[in-house]
Amino acid sequence: MTAEHDRFAACAATVMTAHGPFTPRHAVFEGPAAHGVGLGLLSVWIGGPADEVSLRALDHDTASRILRAMVWAPLGAGRLPPGPDLALFAYAVEAGTMQALMDLQAELGVETSGAPDAATLAAAWRRDPARLSRCIATAHAGWREERGLSVKPHRMATQRQPQRIAALAAC
């Protein structure tokens with residue numbers, strides 16, 4: 001196994017455990033979800049409308065493949081330093097890759113393209129991984145708070161938008 005595969009496996013296990021198995025009403029996904037996969041993501045994966053029955057049947061391995069192909073890879077998380085990879089992946093599972101990447105890019109001071117381009121990756125590698133992870137977690141917590149979702153205890157306290165972006169600059 002490659003180091004990138006091992007990192008994905010560890011990050012996926014963390015995120016999937018945090019979201020838990022099937023639930024008929026997941027607050028983040030505004031409906032049924034399983035292992036961090038909601039109806040929307042599963043519908044894209046299967047190429048048509050998914051339903052609650054499909055989510056109930058979603059096993060851990062299939063959910064992992066979905067998250068790897070549809071979140072981890074487009075996010076470019078495997079090319080980020082350890083720490084920021086998990087923080088950004090956890091954020092993107094909930095908010096989408098575009099939102100997570102654009103907040104990362106705003107934090108890094110690079111063009112907000114929403115793509116894991118060379119400038120974004122180089123800027124991420126120039127930052128202290130622990131500090132960058134905290135900044136990503138701050139953005140994630142702010143995103144959750146803006147939607148009236150609980151801010152997980154391990155997340156840093158954040159301000160509401162537009163102060164959230166100003167808070168990121170302080171990281």
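Computation of the quantities below employed the complete heavy-atom set of this structure, encompassing side-chain atoms and omitting hydrogens, waters and symmetry-equivalent molecules. The first residue of the sequence shown is numbered 1, and numbering continues consecutively from there. Quick caveat: nothing in here was measured; it's all calculated off a predicted structure.
By the 4.5 Å heavy-atom criterion applied to side chains, Phe22 and Leu58 are not counted as neighbours.
At least one donor-acceptor pair closer than 3.5 Å links the side chain of Arg144 to the backbone N or O of Ser150. The closest donor-acceptor contact from the side chain of His26 to the backbone of Val28 lies under 3.5 Å. For Arg7 (side chain) and Leu80 (main-chain N/O), a donor-acceptor pair under 3.5 Å exists by modelled atom type. With Trp72 contributing its side chain and Ala12 its backbone, the two residues share no donor-acceptor pair below 3.5 Å. In this structure a side-chain-to-backbone donor-acceptor pair under 3.5 Å is missing from Ser64 to His60. No donor-acceptor distance shorter than 3.5 angstrom exists from the side chain of Glu107 to the backbone of Leu132, with no hydrogens or angles considered.
The two residues Pro74 and Thr97 make their nearest non-hydrogen contact at CB-CG2, 4.5 Å. Closest heavy-atom contact between Ala124 and Pro81: O-CG, 4.0 Å. Taking each heavy atom of Asp103 and Ala139 in turn, the nearest pair found is OD2-CB, 3.9 Å.
If you check the side chains of Asp51 and Ser54, you find a donor sitting under 3.5 Å from an acceptor.
Separation of atoms CG (Leu121) and CZ (Arg126) is listed at 10.5 Å; rounding is to 0.5 Å. Annotation: the span from Thr62 atom OG1 to Ile46 atom CD1 amounts to 12.0 Å, rounded to 0.5 Å.
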